[in-house]
Amino acid sequence: MAGRCRVCGAPAYARLEYANLQLCRDDFVRFFERRVERTVERYGMFERGSRVAVAVSGGKDSVALLHSLWKLRGKLGVELVAITIDLGIAGHSDRYVPLARRVCERLGVPCRVVDLRGEYGFSVDELRGLRRPVCSLCGAVKRYVLNREARELGAHVLATGHNLDDFLAALLQAYIRGDLRALAKLRPYLPPEGKLVARAKPLVETPERDTKLYVEALGLEHVTWKCPYSSGASSFEYKRVLDLLELEHPSVKFQMLRSFLERIQPLISVRSRASSHALSVASPARALFASFAE
Ligand code: SF4
């Protein structure tokens, strides 16, 4: 890539159009981790001393999340445990489960592997042919299992690798469906409620492309193939639309996030606790870089 790192002048590794910024490999990795740290702090995701359960599927997002939190664990004062679900998808589970185990082992993070077939009596492959799309059912199953396992592991928070693009795709989907309930719950951090463990999305301010650059920069092993059911997932279409918008209007994704969280979401939120969490995302990439380069 032509161009030089804005921080040190070394050859650029990443060009971040949304911030009009080029960074070398090392400075990009620092930028990425600093943003995760700031996101955790901005939304009050973890308290010091918390046990954080990280959902690890082996995909680039969950691997980037686990790795960055592992590097930040001392600063944040948290203990990490990982949860991987063997969904029982032929030709997929037998590859990503061992990979997720290896990723955790390398970092020394304890990994609870949940065998859906053995422990819950069914696999995702067996959900085919039901009325709802497989991905929709699989998503519901994962939410249930992750919450239950996180609770049993004594975790205070369940952290997932949902990135900025995932968040906005869910936003578009809920908006198009007029699903106010989904919009009200769409937040970077949801506090604990009844039997629900608190849920956090520390990559919510991180574009999907950046998680790919991060795992590649560090040579982190991650899933590079697709789940056989992924072609039916509507989120891919929403992400394509978002990418087209971003191409014409760099940083529009951050603007969407900010507008939603600051202006729209509070109005439709049905949970009074929403106001107890800082929702400001007034200083996205540029401001982050300013503080990062100090
Ligand atoms: Fe489950 Fe669909 Fe994701 Fe495959 S692509 S793991 S079926 S949600």
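As the structure lists them, so they are numbered: ligands from 1, and atoms in each ligand from 1. Nothing fancy with the numbering, it's 1 onward along the sequence.
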Is the backbone of Arg132 close enough, under 3.5 Å, to the side chain of Ser136 for a donor and an acceptor to pair up by distance? no

Number the atoms of ligand 1 from 1 as they appear, then name those within less than 4.0 Å of a heavy atom of Lys142, with their elements. 1 (Fe), 3 (Fe), 6 (S), 8 (S)

Please confirm whether Lys226 comes under 4.0 Å of ligand 1, counting heavy atoms of the residue only. no

Closer than 2.8 Å to atom 2 (Fe) of ligand 1, what protein N/O/S atoms do you find? Cys135 SG

Does the side chain of Thr211 pick up a donor-acceptor pair with the side chain of Asn163 at under 3.5 Å? no

Could you tell me whether the side chains of Asp125 and Tyr229 share a donor-acceptor contact shorter than 3.5 Å? yes

Does one side chain, of Asp166 or Tyr238, offer a donor that lies under 3.5 Å from an acceptor on the other? no

Tell me if a side-chain donor or acceptor on Arg38 pairs with a main-chain N or O of Arg35 at a distance below 3.5 Å. no

If you count heavy atoms of other groups shown closer than 6.0 angstrom to NZ of Lys212, is the number above 12? no

Given 3.5 Å as the limit, does a donor-acceptor pair link the side chain of Gln265 with the main chain of Arg187, or not? no

